[in-house]
> 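Quick one: structure below, then a few questions.
Keep in mind that the numbers below use all heavy atoms, side chains included, and drop hydrogens, waters and symmetry copies. In this text, all values refer to a predicted model and were calculated from it rather than measured experimentally.
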Amino acid sequence: MLTAAMLQLVQECGEGVLILTDGVVEPEFRHSQLTRAEVRRLLLVVARTLDALPPEAREAMPEIDLDGWRVVGSALLDDGPGADDAAWFAASSLLPATLGWLKLYRREAPQLFDYRPS
């Protein structure tokens with residue numbers, strides 16, 4: 001049940017990032033303080049949530065780049081161009097891949113997304 005809530009949080013934050021960055025090119029992203037700050041905040045939630053997944057959930061979703069998210073999460077804590085680089089990479093590449101895998105896992109392993117106690 002906890003895993004389902006965590007994956008729902010990842011999904012919702014991820015969708016928020018996609019909405020904020022839809023149609024935005026990298027130079028615009030780097031110049032928009034509000035968008036950049038909110039995207040970084042949401043991506044940090046995603047990174048921390050994925051890092052806190054129970055071991056069983058991690059093992060059940062081997063294609064999700066948890067190590068990549070850990071690196072992105074660390075980079076987002078810095079306040080500088082490295083954090084912006086990490087945010088842009090995550091928003092444009094890592095996050096769409098992660099959400100795609102979650103969509104597949106929702107079909108292939110629905111028990112991960114089930115809110116009923118096991």
Side-chain angles (χ1 to χ4, degrees):
M1 184 156 64
L2 177 62
T3 298
M6 294 173 82
L7 294 176
Q8 183 65 35
L9 179 60
V10 168
Q11 182 77 38
E12 289 173 3
C13 288
E15 289 171 359
V17 168
L18 294 181
I19 289 168
L20 288 167
T21 58
D22 184 40
V24 174
V25 294
E26 188 174 1
E28 291 174 308
F29 174 76
R30 290 184 178 277
H31 285 91
S32 175
Q33 289 182 348
L34 292 175
T35 298
R36 220 178 45 226
E38 184 61 7
V39 164
R40 285 171 55 175
R41 185 188 73 78
L42 291 170
L43 289 171
L44 189 55
V45 171
V46 170
R48 287 178 171 169
T49 303
L50 289 173
D51 194 45
L53 281 174
E56 309 82 46
R58 294 167 166 272
E59 292 169 13
M61 300 184 294
E63 287 86 2
I64 293 181
D65 188 358
L66 297 173
D67 291 332
W69 278 108
R70 193 171 299 111
V71 170
V72 165
S74 293
L76 290 171
L77 293 174
D78 291 333
D79 192 27
D84 291 341
D85 291 342
W88 182 254
F89 166 73
S92 61
S93 183
L94 188 58
L95 180 67
T98 299
L99 294 180
W101 283 114
L102 287 180
K103 183 176 181 181
L104 176 75
Y105 287 129
R106 191 176 294 278
R107 284 193 313 266
E108 302 294 322
Q111 70 279 5
L112 293 170
F113 300 86
D114 194 353
Y115 280 95
R116 289 179 285 166
S118 25

> Please find the pair of heavy atoms, one from Ala86 and one from Ala75, that lie closest to each other, and give the distance.
CB-CB, 3.5 Å
> For Ala87 and Leu43, work out which heavy atoms get closest and say how close.
O-CD1, 3.5 Å
> Please name the pair of heavy atoms, one in Ala83 and one in Asp78, separated by the smallest distance, quoted to 0.1 Å.
CB-O, 3.0 Å
> Would a single hydrophobic cluster contain both Leu95 and Val71, if residues Ile, Leu, Val, Met, Phe, Trp and Tyr are joined by side-chain heavy-atom contacts under 4.5 Å?
no
> Are Leu104 and Glu63 close enough that some pair of their side-chain heavy atoms sits under 4.5 Å apart?
no
> For residues Val46 and Cys13, report the shortest heavy-atom separation together with the two atoms involved.
CG2-CB, 3.7 Å
> Mind checking whether Val17 and Leu9 sit in one hydrophobic cluster, side chains of I, L, V, M, F, W, Y counted as touching below 4.5 Å?
no
> Do the side chains of Tyr105 and Ile64 get nearer than 4.5 Å, heavy atoms only?
yes
> Is Leu102 reachable from Val45 through a run of hydrophobic residues whose side-chain heavy atoms are each under 4.5 Å from the next?
no
> What is the distance from atom CZ of Phe89 to atom CG of Asp84, rounded to the nearest 0.5 Å?
15.0 Å
> Just verifying a value: how many Å separate Arg106 CZ and Phe113 CZ, rounded to the nearest 0.5 Å?
5.0 Å
> Going from CZ on Arg48 to CG on Leu76, what distance comes out if it is rounded to the nearest 0.5 angstrom?
9.0 Å
> May I ask you to test the Glu56-Thr3 pair for a side-chain heavy-atom distance under 4.5 Å?
no
> Testing the basics here: between Ala91 and Thr21, what is the closest heavy-atom pair and its distance to 0.1 Å?
CB-CG2, 4.2 Å
> With the threshold set at 4.0 Å, does a side-chain nitrogen-carboxylate oxygen contact exist between Asp51 and Arg58?
yes
> What's the separation between atom OG1 in Thr35 and atom CD in Glu28, rounded to the nearest 0.5 Å?
9.5 Å
> Distance check, rounded to the nearest 0.5 Å: Leu2 atom CG versus Leu53 atom CG?
8.5 Å
> Would you compute the distance between atom CZ of Arg40 and atom CZ of Phe29 and round it to the nearest 0.5 angstrom?
8.0 Å
> Are Arg36 and Val24 close enough that some pair of their side-chain heavy atoms sits under 4.5 Å apart?
no
> Can you name the closest pair of heavy atoms from Glu38 and Leu20 and give their distance?
CG-CD1, 3.5 Å
